[in-house]
Amino acid sequence: MKRTYIKNLTEGQCCVKGYVETIRDKKIMFLVIRDVTGAVQVTIVKDECPEVYEEAKKLTPHSFVSIEGRCVFSEYVRNGGKEIYPDKLEIMSVADVLPIAPDSGPDLRMDYRWIDLRDEKKVLMFKIQSAFEKYAVEFFDKEGFIEIHTPKITTISSEGGSEVFEMKYFDKKAYLTQSPQLYKQMSMMAGFDKTYEIGELFRSNPSFTNRHATEFTCIDVEISFIDSHHEVMDVEEAMFKYIMKGMNEQYGEEYKRIFGKDMIEINYDIPRIPLHEAYKILKEEMNYEVPRALKGDLDPDGEKLICEYVKKKYGSDFVFITDFPAKARAFYTMRKEDDPELSKSYDLLFKGLEITSGAQREHRYEQLKNNIIENGINPEDMKVYLDFFRYGAPTHGGFGLGIARTLAKLFDLPNVRDVIFIFRGPNRLTP
């Protein structure tokens, strides 16, 4: 018999496949079976179907089964008022006693991540992640972007050799890519005009924080023929509005039912605040000053406080912080014409966390070479990259968006590892 997903059950004969969420066995056995779409109660009356009952006695929580029977609707039954009276039960596998419980610590749950993910809320989170990427791709397609797939093994580092995983590549030294930055810029020199990539990146960062991972997924975007970084922000803002509109239409009701609140919408223009103004706001309005050693950026406390200010004043969960000092940004960032000490760059903060770094890039060969030297990098080590600019280059800029950070804040979760399918960190290499 053809399988029916639980959310699609109607009255009559059906076949559902899933795992056993709970078992109650008194005079009548009640099973709750869950699949990727929902849960349904299965009621087994021993006297009416003794063979099914005896087979069901073998089951343990989280055993996987296939059940055929008659679905009826009842206002007294939970899980949508649907109930199945089975006439056939096939056991796919009987589960051992589970090694984790709902109150297990995060490290133990990560050891058994595949079991930890058998949860309605977590399944919805990954459905929404899938939708997030789907609507991003839809946006790029509508706007005429070209998708590219950049190398993940390279001889050059996007940031001059910092925080990269070194690897042996036959008889050569190579690195796992920490950013597609240099290659997505190459796509501008290829005349692609607007490109994007959704892919895995690797960063050898030993930080044990709630915002860092050593392997993560990013949406990277690059566009040509721009006059400033504000045009890059325009694209990212339009992208977010499109994504959030689509996700609300597809999952808004389910999100509210499971998370107990409305999914956020972006029906406003995201505020843009230069970094020097953010410092002033923090000091005068929030009585906070970023530590001197961290000046040139916002520290985590500063990010949280400026977002609280923006939320209160503008009603926005997002804020662009712009015009960072040139010396605090990567060598490929363009400096402002009217103030070379500042760069045409920005960060996008979401609910107190940086989720994006973006900028207009330096496209002039000699200036770029000078930037590399000023950053203490040997230009010979960047020759492959510099060659991209020797044969003609348009003005261009782009951004990189961390998907895990964005979703962690969307779900108000404390750690990015909670929204990563299998997390990788400094001490996490399994499962």
Side-chain angles (χ1 to χ4, degrees), residues 128 131-133 135-145 194 196 219-250 252 255 261-282 284-286 297-298 302-324 333-334 336 338 342-360 395-403 405-410 412:
I128 290 175
F132 188 96
E133 295 183 22
Y135 290 115
V137 172
E138 276 189 14
F139 171 81
F140 295 135
D141 189 49
K142 290 177 182 293
E143 295 297 319
F145 281 72
K194 295 185 286 189
Y196 76 94
I219 298 177
D220 272 275
V221 171
E222 205 74 12
I223 56 176
S224 287
F225 305 109
I226 64 171
D227 294 322
S228 81
H229 51 314
H230 284 276
E231 292 174 66
V232 182
M233 285 183 264
D234 291 342
V235 170
E236 183 166 17
E237 182 173 317
M239 180 198 74
F240 258 110
K241 288 178 178 177
Y242 188 92
I243 290 172
M244 295 310 302
K245 182 176 184 293
M247 293 203 307
N248 266 286
E249 290 174 353
Q250 184 172 356
Y255 179 94
K261 58 187 176 183
D262 290 323
M263 190 185 299
I264 67 165
E265 295 184 79
I266 309 177
N267 48 16
Y268 49 79
D269 293 333
I270 298 175
R272 303 180 185 188
I273 303 175
L275 181 64
H276 70 89
E277 288 188 20
Y279 285 155
K280 184 178 179 181
I281 291 168
L282 287 172
E284 296 180 357
E285 302 289 339
M286 313 297 286
D297 201 350
L298 287 174
E303 290 178 347
K304 292 175 184 176
L305 289 170
I306 198 67
C307 283
E308 289 177 11
Y309 170 84
V310 169
K311 179 67 173 178
K312 184 177 181 180
K313 182 169 183 177
Y314 300 105
S316 172
D317 290 301
F318 296 83
V319 58
F320 287 112
I321 304 297
T322 71
D323 304 352
F324 288 78
T333 306
M334 181 175 278
K336 298 188 75 171
D338 58 347
L342 298 179
S343 63
K344 294 184 174 184
S345 61
Y346 73 89
D347 285 349
L348 177 61
L349 309 184
F350 176 32
K351 291 185 176 181
L353 181 64
E354 176 202 327
I355 60 172
T356 287
S357 181
Q360 180 173 357
T395 58
H396 62 282
F399 64 86
L401 167 69
I403 294 178
R405 288 188 176 192
T406 305
L407 293 176
K409 285 301 177 181
L410 181 67
D412 289 324

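FYI, the numbering just counts along the sequence from 1. Since the model is a prediction, treat every value here as computed from it, not as a measurement. Any value given below was found using the heavy atoms of this structure, including those in side chains, with hydrogens, waters and symmetry copies removed.
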| Worked check of side-chain contact (heavy atoms from CB on, under 4.5 Å) between V310 and I281 | CA-CA 10 Å; V310 169; I281 291 168; over 6 Å; no
| query | Any idea how F132 and F240 line up, ring-wise: parallel (<30°), tilted (30 to 60°), or perpendicular (>60°)? | reply | perpendicular
| Does some side-chain heavy atom of K351 sit less than 4.5 Å from a side-chain heavy atom of K311? | no
| remark: d(I306 CD1, I273 CD1) to nearest 0.5 Å is 5.0 Å
| said: Measuring only between side-chain heavy atoms, which start at C-beta, is F350 closer than 4.5 Å to T406? | reply: yes
| message | Could you measure the distance from the OH atom of Y268 to the CZ atom of F318? Nearest 0.5 Å is fine. | response | 5.5 Å
| message | Would D269 and K241 count as a salt bridge (Lys or Arg N to Asp or Glu O under 4.0 Å) here? Give the steps. | response | CA-CA 9 Å; D269 293 333; K241 288 178 178 177; 3.2 Å; yes
| field | Main-chain N/O of D227 paired with T395 side-chain donor or acceptor, under 3.5 Å | value | no
| note | Output for pair (S224 OG, K194 NZ), nearest 0.5 Å, gives 10.0 Å
| When rounded to the nearest 0.5 angstrom, what is the spacing between OH in Y196 and CD in E222? | 15.5 Å
| query | Stepwise, does the salt bridge (Lys or Arg N to Asp or Glu O under 4.0 Å) test hold for D323 with R272? | reply | CA-CA 10 Å; D323 304 352; R272 303 180 185 188; over 6 Å; no
| Looking at side-chain heavy atoms only, is the closest gap between M239 and F140 below 4.5 Å? | yes
| said: Let's go through K261 and D412 carefully: what are the C-alpha distance in whole Å and the side-chain angles of both, what is the deciding distance for salt bridge (Lys or Arg N to Asp or Glu O under 4.0 Å) to 0.1 Å, and is it a yes or a no? | reply: CA-CA 11 Å; K261 58 187 176 183; D412 289 324; 2.2 Å; yes
| task | Measure the acute angle between the ring planes of Y309 and Y314, then classify it against the limits of 30° and 60° as parallel, tilted or perpendicular. | result | perpendicular
| request: Please state whether the rings of F320 and Y346 are parallel, tilted or perpendicular, taking 30° and 60° as the class boundaries. | output: perpendicular
| task | Salt-bridge test for K312 and E285: reply yes if a basic N is under 4.0 Å from a carboxylate O, no otherwise. | result | no
| field | Between OG1 on residue T356 and CD on residue E236, distance to nearest 0.5 Å | value | 3.5 Å
| NZ/K245: more than 12 non-hydrogen atoms of other groups inside 6.0 Å | no
| request: State the CD-CD1 distance between E277 and I321, to the nearest 0.5 angstrom. | output: 9.5 Å
| Would you say the side chain of K409 lies within less than 4.5 Å of the side chain of D317, judging by non-hydrogen atoms? | no
| Does some side-chain heavy atom of D347 sit less than 4.5 Å from a side-chain heavy atom of L298? | no
| message | For K142 and E138: C-alpha separation, side-chain torsions, deciding distance, then whether salt bridge (Lys or Arg N to Asp or Glu O under 4.0 Å) applies. | response | CA-CA 6 Å; K142 290 177 182 293; E138 276 189 14; 5.5 Å; no
| message | Can a donor-acceptor pair be found, under 3.5 Å and without considering hydrogens, that links the side chain of D262 to the backbone of G252? | response | no
